[in-house]
Amino acid sequence: MRLSLAWGLGGGIVASLILIAPPLLGAAPGGRLADFGALAAGLLAVQLGLGASARPGAGFRERMQCATIIAATVSLTTGLGAYVLFAVLRPTLLADRYAAQQRALARSAPGTERITHELVSLAARKAQYLDPLFQALSSAGTLFFFGMLLGAYGAWRVHVASRLRPLPARPGASA
């Protein structure tokens, strides 16, 4: 369990740094590459951590427990990092991203009616879009969901592989 917590915390710190560094270094506010990089780092931590923290021969249940601990820890740590970014370090970042998305929609090529519909839809979600806590919880929830999917797949894959090991050869059988 301690190893799972360590993987989760380490992965969460790395994901948070990937999320926080580009906006602090002046990356364009409309860019979301750091967000996707943080998600990838968190999922990588779940994958590698599950392989490292589950004891050899562990069953499905034990591997799922490890995956849950890692996914929860990495998600909480990354969510905290996102909140610090949005609320403390760059409080205008969400508003800048919102404005960049509005500009991109206004410049898009489809018909005027569709652009108007998209702008109205974006305006209806403005409060959620600009709320640092909502955005941090959304990021953490997304990472936890996909981390659990990846962890469940990893636990299931090892479980199935352990059941499909080749049977020992019978004595006297020809090859």
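Residue indices begin at 1 and follow the sequence shown.
Summarising the local packing, CZ of F36 is surrounded by 12 or fewer heavy atoms from other residues, nucleotides or ligands at distances under 6.0 Å.
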Audit row: S53, I70, side-chain contact (heavy atoms from CB on, under 4.5 Å) steps and yes/no
CA-CA 9 Å; S53 64; I70 297 168; 3.7 Å; yes
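Under a 4.0 Å N-O distance rule, the pair R125/D131 does not qualify as a salt bridge.
The shortest side-chain heavy-atom distance between D96 and R90 falls under the 4.5 Å cut-off.
Cluster membership for L48 and V46, using ILVMFWY side-chain heavy atoms within less than 4.5 angstrom, is shared.
The two residues L9 and T73 have their closest heavy-atom pair at N-CG2, 3.4 Å. Across all non-hydrogen atoms, the minimal contact from A45 to V74 is CB-CG2, 4.4 Å. A pairwise comparison of heavy atoms in I20 and G81 identifies CD1-O, 3.6 Å as the closest pair. Here the closest non-hydrogen pair linking L50 and A67 is CD1-N, 3.9 Å. Scanning both residues, A38 and L19, for their nearest heavy atoms gives CB-CB, 3.9 Å. What you find for L85 and L93 is that their closest heavy atoms are CD2-CD2, 3.9 Å.
Pairs passing the ring-ring contact (aromatic ring centres under 6.0 Å, His included) check and including a residue from residues 61-105, sequence neighbours excluded, read Y98-Y129.
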For residues 138-159, run the donor-acceptor check on the side chains, cut-off 3.5 Å, and write out each pair with its distance to 0.1 Å, sequence neighbours left out.
| from | atom 1 | to | atom 2 | distance (Å) |
| --- | --- | --- | --- | --- |
| S139 | OG | Q135 | O | 3.1 |
| T142 | OG1 | S138 | O | 2.9 |
| H159 | NE2 | R163 | NE | 3.1 |

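Note that CG of L44 is 11.0 Å distant from CG of L39, once rounded to the nearest 0.5 Å.
Using a 4.5 Å cut-off between side-chain heavy atoms of Ile, Leu, Val, Met, Phe, Trp and Tyr, I69 falls into a hydrophobic cluster with M1, L5.
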